[in-house]
There are 2 protein chains.
Amino acid sequence: MRMSQGVEWALHTCLNLSWLNTPVPTGTLAAFYELPPAYLNKQLQALSRAGILTSTPGPRGGFHLARPAEEITLLDVVTAIEGPDELFRCDQILDKGPGEHTGVDYRQSCAFARAMSGAELAWRRELAARSVADVRADVERAHPESPANTRERITELRG
Amino acid sequence: MRMSQGVEWALHTCLNLSWLNTPVPTGTLAAFYELPPAYLNKQLQALSRAGILTSTPGPRGGFHLARPAEEITLLDVVTAIEGPDELFRCDQILDKGPGEHTGVDYRQSCAFARAMSGAELAWRRELAARSVADVRADVERAHPESPANTRERITELRG
DNA sequence: GTCTCGTTACTCGGATATCTGGTGTCCGAGTTTCGAAGG
DNA sequence: CCTTCGAAACTCGGACACCAGATATCCGAGTAACGAGAC
């Protein structure tokens, strides 16, 4: 049960994009971290479908944030990459056990499913409470040179 | 990022075992929910390695809880099946980016890793707060006949 | 009747296949840009 | 000099291989039970 690698890429890429105000193509964003460009593109497409990024085709095109970093939560990114499914999926194991098989939704009736769902909700709540802008503020506090470094490196890579 | 099916099996099996005080072989436990016996055995082995179950070989052998259900948390079971790894693993993507590459642990320095780790901690805290005995109490409150039903069905299946 | 011992059957345990989903890659559709040609 | 037009290059987007981990299975090592035989 490891989280997809794409989540980490997506988060850092969103942070970098929040320091820029121009579309950046996938190749440049991938070169920044030496990532496989085509696969990063796949993740960015997912973010685009989720309405987090906006893509512009053609020369001088690329991806840019679809809305302010303050309105992009970590949960948004995780959900965009990993999908909306829950971690613990109750496959209605109880259907085969004894008792009434009245076609009830075990996601609600199974006590384990409820407990797991509650724990997952706490996780989601934490993720939804932190935006990319919050993290950006932390980074800028610890490393004030980061924005300038990123901007410089991006323009340099774009050549 | 779906959680392994084995977690659900393990949870329900632990609950059933908490209603019995005798070793139950894998075959019987599997038949209870019509699960593949050999694969369930694999999961129970993991629980055994984690110290949640105790296995006794030979005739009249099987698995039984290694400690009271009050002392078995949902987190214990999840960790036993899924392993101790974190959901979000920071693969030190920043190592390739600009800045100092002083061999620091990005699990600590990366702001995203810290945020994700915090959210995961909230999740683990919820899971650790609920024991199998808590869930058992919920089930017995909603379905008082469950313990007797389970005991009856187990002895019936064992033949 | 009781103890001993060997056989038997049953259990776990790990080593072995199979399959789905994450990982990685490629090429085509569409658009902007740029430059050249004509007015 | 300005406008128009066309080709080219660059971008995303989805369709196609590959691989690790989860799923599923099998057979051997070990042990408790049981029964037969001896005392």
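As the structure is a prediction and not an experimental result, all values here were calculated from the model. Convention: sequence-line order gives letters A, B, ...; per-chain numbering from 1. Computed from heavy atoms alone, side chains included, the values below leave out hydrogens, waters and symmetry copies.
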Arg136(B) with Glu70(B): basic N within carboxylate O range, under 4.0 Å: yes
Salt bridge (charged side-chain N to carboxylate O under 4.0 Å, His left out) pairs, two or more places apart, involving residues 42-62 of chain A: none
Glu126(A) with Arg125(B): basic N within carboxylate O range, under 4.0 Å: no
Glu152(B): salt bridge (charged side-chain N to carboxylate O under 4.0 Å, His left out) partners, not counting sequence neighbours: none
Interatomic distance, Lys42(B) NZ vs dT25(D) P [rounded to whole Å]: 13 Å
Modelled atom types, side-chain donor and acceptor of Asp134(A) and Ser131(A), under 3.5 Å: yes
Strand contacts (DNA chain C) in residues 71-84 of chain B, 4.0 angstrom heavy-atom criterion: none
Integer-rounded Å distance: dC27(D) P and Asn41(B) CG: 15 Å
Sugar-phosphate only, base, or nothing, as touched by Gly27(A) at under 4.0 Å among non-hydrogen atoms: nothing
Distance in angstrom units between Met3(B) CE and dT23(D) C1', rounded: 17 Å
First encountered from the 5' end of DNA chain D, between Gly62(A) and Gln5(B): Gly62(A)
Sugar-phosphate, base or nothing in reach of Met1(B), heavy atoms under 4.0 Å: sugar-phosphate
Atom-pair distance (CZ on Arg158(B); P on dT11(C)), nearest Å: 9 Å
Nucleotide nearest Ser4(B) (side chain, heavy atoms from C-beta), chosen from dA24(D), dG14(D), dT23(D): dT23(D)
Closest non-hydrogen atom pair between Thr73(B) and Ala128(B), with its separation: CG2-O, 3.4 Å
Whole-Å distance separating the CG atom of Asp85(A) from the P atom of dT20(C): 17 Å
For Phe112(B), all residues meeting ring-ring contact (aromatic ring centres under 6.0 Å, His included), sequence neighbours excluded: His12(A)
Separation between CZ of Phe32(A) and CG of Asn16(A), rounded to the nearest 0.5 Å: 4.5 Å
Listed partners of Arg67(B) passing side chain to side chain donor-acceptor pair (under 3.5 Å), at least two apart: Asp76(B)
OP1 or OP2 of dT23(C) under 4.0 Å from side-chain N/O of Tyr39(A): yes
Separation of dT23(C) P from Glu8(A) CD (nearest whole Å): 11 Å
Any residue of residues 43-59 of chain B with a heavy atom less than 4.0 Å from an atom of DNA chain D: Pro57(B), Gly58(B), Pro59(B)
Which nucleotide in dA24(D), dT23(C), dT25(C) has an atom nearest any side-chain atom of Arg2(A): dT23(C)
First of Pro25(B) and Ala38(B) reached from the 5' end of DNA chain C, by closest nucleotide: Pro25(B)
